[in-house]
Amino acid sequence: MQQLTAKERMKIPRHPMVEQDPLERSRNFLEVNQGYDVQLAKEEALRCLQCPKPSCVEGCPVNIQIKDFITLIAEEDYIGAVHKIKEDNALPAICGRVCPQEQQCEAACIVGKRGEPVAIGYLERFVADYERESGNIELPKIAPDTGKKIAIVGSGPAGLSCANDLRQLGHDVTVFEALHQLGGVLVYGIPEFRLPKDIVATEIDGLRKMGVKFETDAIIGRITTIDELMQEEGFDAVFLGVGAGLPWFMGIPGENLVGVYSANEFLTRVNLMKAYNFPNEDTPILDCQDKNIAVFGGGNTAMDAVRTSKRLGAKHAYIIYRRSEAEMPARVEEVKHAKEEGVEFLLLTSPLEFIGDEEEWLCSVKVQKMELGEPDASGRRRPVPIEGSEYEIELDIAIVAIGNGSNPLIPQTTPDIEVSKRGTIVVDDETMKTSKKGVFAGGDIVTGGATVILAMGAGRKAAAAIHDYVTNGNW
Amino acid sequence: MYKIIEARFLGENIKKFEIEAPKIAKRRKAGQFVIIRLDEHGERIPLTIADSNPETGTITLIVQGVGKTTQQLNMMESGDEIMDVVGPLGVPSHIEKFGTTVSVGGGVGTAIAYPTAVAMKEAGNYVITINGARSKDLVLLEDEMKSISDEAYVTTDDGSYGFHGFVTQKLQELIDQGKQIDFVLAIGPIPMMRAIAEVTRPYNIKTMVSLNPIMVDGTGMCGGCRVVVDGVSKFACVDGPEFDAHKVDFKNLMDRNKMYAKKEHESLEHFHEECRLEKKIKEIKE
Ligand SMILES: Cc1cc2nc3c(=O)[nH]c(=O)nc-3n(C[C@H](O)[C@H](O)[C@H](O)COP(=O)(O)OP(=O)(O)OC[C@H]3O[C@@H](n4cnc5c(N)ncnc54)[C@H](O)[C@@H]3O)c2cc1C
Ligand code: SF4
Ligand code: FES
């Protein structure tokens, strides 16, 4: 390993991500970020100061041993590095791509105090890709069979990581998924150009090889209730990682006009059902070619939807957001990419009404300009309408991306699971236990729409508690 | 994969399928539906479960070939397999002893009205069924309906069989005769359901309709199935599919259901072209 002084390390500029050209990529669905090569990764690793008390680790929601894995990269032990990450994070190839690093590890990195932080996310992604592309991902050791059966409901990051840990501990694990494809938001929500589906498939394949069983088309609550799983099918414990689901609409007039989609529907049609390849694929989507399309919201879902509409040929692709850019919850990189690809941002602008024709096809949206007032409960400055600033924007398609409520299916069919007023499942913070014996929950169904890393972390926390419960019977 | 155990045409373009789906068969209640996907390129479409048999582990679907997927399905035979069948979805029909109930089925909707009529009978109601079709050869489940009804009527638009006229006219006639009707469930084409709602509205007869908006997931995740009921958006897949007929915005449903008309046409053309090609290849091979 090269011996450099801290000063020398600080002098090395951050290595930018290798990206597809913006104009080119705004017309294809291939991944935008191309990843570091070995050389870039090694050089970026040299920027790390090897802090004795690494603040980056504190910034990471699951406390990945960041300093240690970066050291291993500098020592050219890439496989060692990925193993180090996997001690805390089951899905590094995914998190390296979709985590909001600028709010987590990289926000805390000491190098960032004076310049740009170490590119921790890019390095995480690099080692995970290195391992996958090497073709021999080492499967973890599986403990001898315990004879305990665990049901995991939902195959998003929470469910997958929970399944992973429990299987390693020797339990018999079955994952039930409502849709025909596994992966949750990772496959139906987040587009290919940000997270190639192959990567998710590789993770699931790994779990299969470890002996995790999967059942698709299985909506728990409908096809089998949780009580039946435990009483009739012999499951000793159940983990609920069913995600947020249930998209919110804005409650303004015209929201049911033809041409108004939820982001979930728009993205599901394109990602899961491959509507971009209609009629070779049966699922249609309204024509986007040369159309005016607006997405309402400022999170990752909004950025994904608007960039997808651009790729489907939109003439104007707008983000309409009622606060300013500083308040946008989306990853900074996504906002940057969206701008480079020609997305038009109408900030401090709020929709009042969708206007349609006689046949209820969307024609335009009436909006109003806003200004920022006092901070609200979330700490963000509250947008206040400016009187007389209303105007109309011609639109063919509107996509609402203002977040999701909780899916009522499980609570409806399992009344003894306590839910909050917002419909989220109430759990013990440490053990992820619900109010029903033997049932645990984690991920978006507990937190409301959050992040992949938090869902992953919750799945692992629950796995530890489930192991304890089925082994020692403690509740 | 879900195996087709039996498939046979009931009438022109209307086919009945028995499909192996033991878990769904066990749980399913009247009024619920499944979402199917024929193959890996398939779209997800909802189909109401007409009947189920927990012993044989099968469910019954009755399918009218209108779009690409239903036409392709109707070309399938016993022994063929459907890639995905998900369910049972939706809130089951509300069954209760109302007194006198009328089940109105229009076209293939009759097949869907049937199981609820059975359940209403079992609950101790005096059950009247009105079974509407365009003409005689399109009348579905006549014998089945008769066997469970206290009064069974068949109507045909062209008068080729039974009562000459629409189901609405028959219902109006019953009301005019002074029959005390406590509950109406209407299932069929949207214009028919809307017309039934208008017949019963002046008499304040509780009327439910089973709605068929475009769906994707069927789990409440996409919101594509939203319908306006009493001025509020509802997700038909989790809140429905049955709603109070007097509160449904039928125009919105009709307009939304036309959303992909152009696309559906394109998809069908593409499918027919593929079928022609396949046939040609077969001919050349032979
Ligand atoms: C478009 C989009 C972009 C996003 N981008 C990012 C990002 O860049 N970075 C980030 O960190 N986070 C992002 N998020 C948020 C992140 O994806 C979620 O926080 C995370 O996926 C939650 O994981 P989960 O396992 O709790 O649930 P999900 O991923 O939602 O998975 C739940 C699964 O459970 C299934 N299910 C539901 N009900 C049942 C049932 N009754 N029976 C069986 N199965 C059921 C669902 O079909 C689904 O597959 C994004 C979200 C969206 C929608
Ligand atoms: S805070 Fe930054 S410099 Fe310090 S160990 Fe973490 S990544 Fe390296
Ligand atoms: S079909 Fe997607 S929410 Fe109902």
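We name chains A, B, ... by the order of the sequence lines, and we start the count at 1 in each one. These numbers come from a predicted model, not from an experiment.
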Enquirer: Answer yes or no: are there more than 12 heavy-atom neighbours, outside A:Lys197 itself, under 6.0 Å from its atom NZ?
Expert: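 Yes.
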Enquirer: If you count heavy-atom pairs under 4.5 Å with chain A, which of B:His270, B:Gln72, B:Glu274 comes out on top?
Expert: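 Ranked by heavy-atom pairs under 4.5 Å with chain A, first place is B:His270.
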Enquirer: Looking at CD1 of B:Ile35 and CD1 of A:Ile219, how far apart are the two atoms once the value is rounded to the nearest 0.5 Å?
Expert: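 With rounding to 0.5 Å, CD1 (B:Ile35) is 7.5 Å from CD1 (A:Ile219).
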Enquirer: Using every non-hydrogen atom in the two residues, find where A:Ile285 and B:Lys263 come nearest and quote the distance to one decimal.
Expert: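 Scanning both residues completely, I find the closest heavy atoms to be O-CE, 3.3 Å.
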Enquirer: As an exercise, state the distance from CZ of A:Arg222 to NZ of B:Lys23, rounded to the nearest 0.5 Å.
Expert: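 It comes to 16.0 Å.
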Enquirer: Please report the closest heavy-atom contact between B:Thr219 and A:Ala178, naming both atoms and the distance.
Expert: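 Looking at all heavy atoms of both residues, the shortest contact is CG2-CB, 4.0 Å.
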Enquirer: Quick check on side chain to side chain contact (heavy atoms under 4.5 Å, CB included): which of B:Val85, B:Val34, B:Val86 does A:Asp217 satisfy it with?
Expert: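 For A:Asp217, the side chain to side chain contact (heavy atoms under 4.5 Å, CB included) test succeeds with only one of B:Val85, B:Val34, B:Val86, which is B:Val86.
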Enquirer: Side chain, backbone, both or neither: which part of A:Val260 has a heavy atom under 4.5 Å from chain B?
Expert: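 Both parts, heavy atoms under 4.5 Å.
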Enquirer: Go through the atoms of B:Leu38 and report whether side chain, backbone, both or neither lie under 4.5 Å from a heavy atom of chain A.
Expert: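 It is neither, since no heavy atom gets under 4.5 Å.
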Enquirer: Report which part of A:Asn256 has an atom under 4.5 Å of a heavy atom belonging to chain B: side chain, backbone, both, or neither.
Expert: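 Both parts, heavy atoms under 4.5 Å.
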Enquirer: Please check if the number of heavy atoms outside B:Lys26 that lie under 6.0 Å from its NZ is greater than 12.
Expert: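 No.
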Enquirer: Considering non-hydrogen atoms only, spot the tightest contact between B:Asp255 and A:Glu360 and give its length.
Expert: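 Answer, listing the atom of B:Asp255 first, then A:Glu360: OD2-OE2, 2.6 Å.
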Enquirer: At a heavy-atom distance under 4.5 Å, which candidate from A:Met273, A:Lys274, A:Gln412 has the highest pair count against chain B?
Expert: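 Among A:Met273, A:Lys274, A:Gln412, the one with the most close pairs to chain B is A:Met273.
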Enquirer: Would a 4.5 Å heavy-atom cut-off, applied to side chains only, mark A:Leu179 and B:Asp217 as touching?
Expert: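 Contact flag for A:Leu179/B:Asp217 side chains = yes.
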Enquirer: Need one label for B:Glu40: side chain, backbone, both or neither, based on atoms under 4.5 Å from any heavy atom in chain A.
Expert: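 Only the backbone of B:Glu40 comes within 4.5 Å of chain A.
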Enquirer: With a 4.5 angstrom heavy-atom cut-off, could you sort out which part of B:Phe271 is near chain A: side chain, backbone, both or neither?
Expert: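 For B:Phe271, no heavy atom lies under 4.5 Å from chain A.
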Enquirer: Can you confirm whether more than 12 heavy atoms, excluding those of A:Glu394, are under 6.0 Å from its CD atom?
Expert: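 Open: at most 12 neighbouring heavy atoms sit under 6.0 Å from CD of A:Glu394.
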Enquirer: Is A:Asn404 close to chain B through its backbone or its side chain, or both, or neither, when contacts mean heavy atoms under 4.5 Å?
Expert: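 Contact with chain B is absent: no heavy atom of A:Asn404 under 4.5 Å.
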Enquirer: Heavy-atom cut-off 4.5 Å, strictly under: side chain, backbone, both or neither for B:Arg28 against chain A?
Expert: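 Looking at B:Arg28, nothing touches chain A.
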Enquirer: Where is the tightest heavy-atom contact between B:Ser267 and A:Pro279, given as atom of each residue plus distance?
Expert: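 Nearest heavy atoms, B:Ser267 then A:Pro279: CA-CB, 4.4 Å.
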Enquirer: Go through the atoms of A:Gln181 and report whether side chain, backbone, both or neither lie under 4.5 Å from a heavy atom of chain B.
Expert: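 Contact with chain B is absent: no heavy atom of A:Gln181 under 4.5 Å.
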Enquirer: Using a 4.5 angstrom heavy-atom cutoff, name the option from A:Thr268, A:Asn277, A:Leu246 with the most pairs to chain B.
Expert: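 Sorted descending by pairs with chain B, the first entry is A:Leu246.
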Enquirer: What part of A:Tyr188 is in contact with chain B, defined as an atom under 4.5 angstrom from a non-hydrogen atom: side chain, backbone, both or neither?
Expert: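 For A:Tyr188, the side chain is the part near chain B, not the backbone.
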Enquirer: Side chains of B:Met83 and A:His180: closer than 4.5 Å at any heavy-atom pair?
Expert: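 Counting from C-beta outward, B:Met83 and A:His180 never come under 4.5 Å.
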Enquirer: Let me know if B:Cys225 has heavy atoms under 4.5 Å from chain A in its side chain, its backbone, both or neither.
Expert: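 Neither part, no heavy atoms under 4.5 Å.
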Enquirer: Using non-hydrogen atoms and a 4.5 Å limit, figure out which bit of A:Asp287 sits close to chain B: side chain, backbone, both or neither.
Expert: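 Both backbone and side chain of A:Asp287 come within 4.5 Å of chain B.
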Enquirer: Hey, what do you get for CG (B:Leu89) to CG (A:Leu409), rounding to the nearest 0.5 Å?
Expert: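 Here the interatomic distance stands at 8.5 Å.
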Enquirer: Let me know if B:Arg256 has heavy atoms under 4.5 Å from chain A in its side chain, its backbone, both or neither.
Expert: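 Contact with chain A is through both the backbone and side chain of B:Arg256.
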Enquirer: Quick check for you: to the nearest 0.5 Å, what is the distance between A:Tyr261 atom OH and B:Met259 atom CE?
Expert: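 Separation between the atoms: 5.5 Å.
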Enquirer: Surrounding NZ of B:Lys251 (heavy atoms of other residues, nucleotides or ligands, distance under 6.0 Å), is the total greater than 12?
Expert: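 More than 12 heavy atoms, drawn from other residues, nucleotides or ligands, come within 6.0 Å of this atom.
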Enquirer: Please check if the number of heavy atoms outside B:Lys234 that lie under 6.0 Å from its NZ is greater than 12.
Expert: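 Not buried by this count: 12 neighbours or fewer within 6.0 Å.
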Enquirer: Can you tell me which of A:Thr225, A:Leu257, A:Asn280 forms the most heavy-atom pairs within a distance under 4.5 Å of chain B?
Expert: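 The option with the most such pairs is A:Asn280.
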Enquirer: What closest approach, in Å, do B:Ile24 and A:Ile223 show between heavy atoms, and which atom pair accounts for it?
Expert: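 Smallest interatomic distance, heavy atoms only, reads CG1-CD1, 4.0 Å.
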Enquirer: Looking at CD of B:Glu266 and CZ of A:Phe278, how far apart are the two atoms once the value is rounded to the nearest 0.5 Å?
Expert: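 Result: 5.0 Å between the selected atoms.
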Enquirer: So does B:Arg27 pair up with A:Glu228, basic N to acidic O under 4.0 Å?
Expert: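 Result for this pair is yes, salt bridge flagged.
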Enquirer: Can you tell which part of B:Lys262 gets under 4.5 Å to a heavy atom of chain A, answering side chain, backbone, both or neither?
Expert: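 Interface part for B:Lys262: side chain.
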Enquirer: Output the option from B:Gly87, B:Pro88, B:Gly223 having the highest count of non-hydrogen pairs under 4.5 Å with chain A.
Expert: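 Among B:Gly87, B:Pro88, B:Gly223, the one with the most close pairs to chain A is B:Pro88.
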Enquirer: What is the distance from atom CG of A:Leu286 to atom OH of B:Tyr260, rounded to the nearest 0.5 Å?
Expert: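 Reported value, rounded in 0.5 Å steps: 4.5 Å.
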Enquirer: Could you report the tightest heavy-atom contact between B:Gly220 and A:Pro247, atom names first, then the distance?
Expert: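 Nearest pair, atom of B:Gly220 first, then A:Pro247: O-CD, 3.5 Å.
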Enquirer: Any donor-acceptor pair under 3.5 Å linking the side-chain atoms of A:Thr216 with those of B:Asp84?
Expert: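 On atom types as modelled, these side chains do not qualify, holding no pair under 3.5 Å.
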Enquirer: Quick check on A:Leu272 against chain B: is it the side chain, the backbone, both or neither that has a heavy atom closer than 4.5 Å?
Expert: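 No part of A:Leu272 comes within 4.5 Å of chain B.
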Enquirer: Contact part of B:Val232 toward chain A, heavy-atom cut-off under 4.5 Å: side chain, backbone, both or neither?
Expert: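 Interface part for B:Val232: neither.
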Enquirer: Under 4.5 Å heavy-atom distance to chain A, tell me which part of B:Lys68 shows up: side chain, backbone, both or neither.
Expert: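 Contact with chain A is through the side chain of B:Lys68 alone.
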Enquirer: How about B:His272: does its NE2 atom have over 12 heavy atoms from other parts shown lying under 6.0 Å from it?
Expert: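 Check passes, neighbour count above 12.
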Enquirer: Side chain, backbone, both or neither: which part of A:Leu267 has an atom under 4.5 Å from a heavy atom of chain B?
Expert: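 Contact with chain B involves no heavy atom of A:Leu267 at all.
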Enquirer: Where on B:Met254 is there a heavy atom nearer than 4.5 Å to chain A: the side chain, the backbone, both, or neither?
Expert: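 Neither part, no heavy atoms under 4.5 Å.
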